[in-house]
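Encoded as C-alpha cells, the structure appears first; notes follow it.
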Amino acid sequence: MFFTSLSKASLALIAASLVLLLTNSVESHSYADCIDWRFTNPKKSNSWSDKHGACFGYARRFPLKAKPFAKLDSDDPNRHYQQSHKNPDPNHALPCSNGRQGEEPGADETMGHPVTAAYSGKDQHGRKTGMITTTHPGGQLCIRWPAKNHAVPDEKNQPVTIALSGANPKKDPTQLEFLDNIVAKLNYKNCTDKGKDTDIWPCGGCFNLPKNLQTGYHVMQWRWKLNSDEWYTSCADLNVVKK
Ligand SMILES: *[C@@H]1O[C@H](CO)[C@@H](O)[C@H](O)[C@H]1NC(C)=O
C-alpha cells in the first residue's frame, strides 16, 4: 500500500508542511509598519524598500527589529488586528486593538497614559518600541505597510483609510467617530520592489494633514478592508507641533 510504504517521519513532515501552509495563509494580513516614512532622496521616491528610506514614527508599542520587514503578522501576539465583524457591525467595532477583542485580536494598541508611554520604551517581551510621530499642521506623512500577498492583480484593490481624532482626546475615538473624520484614502496596491515573494512587497502612501489641524496629540487610525467584511487597523498617535 502507498501509505504503509511512507515512513511515519515523512507523514509527519507532510502534516507539518500542511499546517505551516495553512497558518501562513491565515496569518497573511497587513498592518501599518511605519507612520512617518521618509525617503532618502525625496526626488527619487520610487521605492518603499528599507534601502531607500527610514522610519521616523511608528504605531503604538511597535517592536523594532523584532522580525524582518512584513513578518510581524506572525509575531506574538500578531501585529495585525481584525475588527469584529459579526456583532453588531464593523462600524461599532473596537477601533484600536486591546489585544483581546476582535475576529483576530492583535497586539496592545491602546492609548498610553501619558500618550508617549506607548513609544520609545519596551514592549511586553522587553523589546524596544518605536518613537512617536512628530509632525505639523499641513505636514506630509508617508505610511508604509507590507502587501501580505494582497496586492496581486487578482485581488480587489480596496483603499486604506486614514482617520484622525481631535486634539488631546482623553480616550480613543469610537469607530464611528473615526469614520466621521477620514483625512486620506490611500492606494493599497501602491507597492514597489515586486520580487517573487508577493508577501513582502513594501507598499505605502503619502498624504498631507489638514492645514488647520490643531496642535497637540491626535490619534490616527490606519484601516484596511479585505474581502467584503474584514477590516484591519493600526493605531498611532501624532504629536502635532507648530511648524
Ligand atoms: C506611491 O509610492 C511612491 C513610492 O514608490 C510614493 O512616492 C508615492 O507618493 C505613492 N503614491 C501615493 C499617491 O501615495
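Counting from 1, the numbers follow the sequence of the chain as shown. Numbering of ligands and ligand atoms starts at 1, following listing order.
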Charged N to carboxylate O below 4.0 Å: is that the case for [X] and [Y]?
X	Y	answer
D33	R144	yes
D73	R79	no
R60	D108	no

Going by the 4.0 angstrom heavy-atom rule, the piece of W48 near ligand 1 is side chain
re atom 4 (C) of ligand 1, the protein heavy-atom contact at minimum distance is S45 O, 2.9 Å
protein heavy-atom neighbour closest to atom 13 (C) of ligand 1 works out as N190 ND2, 4.7 Å
Using a 4.0 Å cut-off to any heavy atom of [X], which atoms of ligand 1 qualify?
X	result
S47	5 (O)
G205	14 (O)
T192	5 (O)

With H150 as partner, the option from W224, W201, Y188 fulfilling ring-ring contact (aromatic ring centres under 6.0 Å, His included) is W224
Would a search of protein heavy atoms around atom 1 (C) of ligand 1 find one under 4.0 Å away?
yes
Proximity of W37 and F56 rings by center, below 6.0 Å: no
Within less than 4.0 angstrom of ligand 1, does N187 place any heavy atom?
no
Pairwise side-chain contact, L72 with F62, heavy-atom cut-off 4.5 Å (strictly under): yes
- Item | Pairwise side-chain contact, L141 with L238, heavy-atom cut-off 4.5 Å (strictly under) | yes
Of C142, A184, C206, G53, the residue with the heavy atom nearest atom 9 (O) of ligand 1 is C206
